[in-house]
Amino acid sequence: MDCFAGFSIPRMRKIGAIVAGLICATVLPRVACTQTSGFAPAEHTRVVILGTGTPNPDPDNSGPSVAIVTGGAAYLVDCGPGVVRRTAAAERKGIAALAPQNIHVVFITHLHSDHTLGYPDLIFTPWVVGRTEPLEVYGPRGLQSMTNYIEKAWEKDIDVRTNGLERANRTGYKVQVHEIEPGIVYKDRNVTVRAFLVHHGSWDQAFGYRFETADRTIVLSGDTSPSDAVVKACNGCDVLLHEVYSATGFHERSLEWQDYFLQFHTSSVELAKEATEAKPGLLVLYHQLYGGGDVTYDQLLGEVARRYSGKVVSARDLDVY
Ligand SMILES: [Zn+2]
Ligand SMILES: [Zn+2]
């Protein structure tokens, strides 16, 4: 099966090398594309799934985080628990841009703990292993305050590492915080990033992001109830990564939890409708909430695939698209 069907193939460079370097394991209806270790990275944009987990401490799924890798650099979205160990795992699979010490740009969708518990990890661990650049962080109101508290909480560690025998550098643990508003929030030679507001229950600000690179357009929903903003941001984009909860599992939850899900998240049925309007080349389910009962991975994917005629896959940690 051609894993890149639906992508912007004519614009992809070095397509031969890309195809040769991929193993596409077909487990219908899911398509998983993972890179072989040791394969020299081609110069195309990749979406690396670092974590698909939820607040539940499932040992098989790290906290929510995705990396866009392009032009030899990595741009992270969210930092759930375990994020830096997952970037190290991706490096072992041959993605050098995800070596922990190379990570210095991250975009936060919102400040829910499952999306930010890896934030101290992202501030300190790459520094401890040699990062000298400050971390640049973009996200909603409250991010500066959260950052200040984290740096305060670890002040004794910073003191011991910089003034003690470790002789750590004095720049790599620092953070440049950018509390953003909707619009273009970041631009460099590799990528332009636009933030857009989504509705995530009672959060005062929650963002989705659209990444435009030389060869691909990638949209991440963040956590959101069904949203026209996501449809508009995608509008035929190459890859749409969208959160989802199981409509089957939903009916097995208490009324209180049903209320919560309706306000905060997007069901499989709602997502199928939204994706039909958004028309992505590839729809990637991520941050999957299976819900009550015994909904399986394949059932959740099937709930979307039965109602949506485009290409859809359900991500697992360390998948590459
Ligand atoms: Zn959330
Ligand atoms: Zn979440």
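Whatever order the structure lists ligands and atoms in, that order sets their numbers, starting from 1. Keep in mind that what you see is a predicted model, and the values were worked out from it rather than measured.
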- With the Zn ion (ligand 2) at the center, what angle do OD2 from Asp223 and NE2 from His115 span, rounded to 10 degrees?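 Centred on the Zn ion (ligand 2), the OD2/NE2 angle is 90° (to 10°).
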- Message: Against Val137, only a single residue in Val106, Leu122, Thr147 fulfils side chain to side chain contact (heavy atoms under 4.5 Å, CB included); can you say which?
- Response: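 So the option named by the test is Val106.
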- Message: Applying the side chain to side chain contact (heavy atoms under 4.5 Å, CB included) criterion to Phe107, which one of Val185, Leu76, Asp78 satisfies it?
- Response: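 Of all the options given, the one that passes is Val185.
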- Do Glu212 and Arg210 sit within salt-bridge range, that is, some charged N less than 4.0 Å from a carboxylate O?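 Yes.
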- Task: Taking both backbone and side-chain atoms into account, decide whether His265 has an N/O/S atom under 2.8 Å from the Zn ion (ligand 1).
- Result: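 It does not: His265 brings no N, O or S atom closer than 2.8 Å to the Zn ion (ligand 1).
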- Check all N, O or S atoms of His112 and name the one closest to the Zn ion (ligand 1).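 Nearest N/O/S atom: ND1.
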- Query: Minimum heavy-atom separation for Leu285 to Leu271, with atom names?
  - Reply: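 In this case the closest contact between Leu285 and Leu271 is CD2-CD2, 3.4 Å.
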- Task: State whether His287 contributes an N/O/S atom found under 2.8 Å from the Zn ion (ligand 2).
- Result: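 So His287 counts as coordinating the Zn ion (ligand 2), yes.
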- What angle, in degrees and rounded to 10°, do you get at the Zn ion (ligand 1) when you join it to NE2 of His110 and to NE2 of His200?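 Approximately 100° at the metal, rounded to tens of degrees.
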- Task: Check whether the side chains of His287 and His242 place a donor and an acceptor atom closer than 3.5 Å, and report yes or no.
- Result: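 Their side chains do not contain a donor-acceptor pair, so the 3.5 Å distance test is not met.
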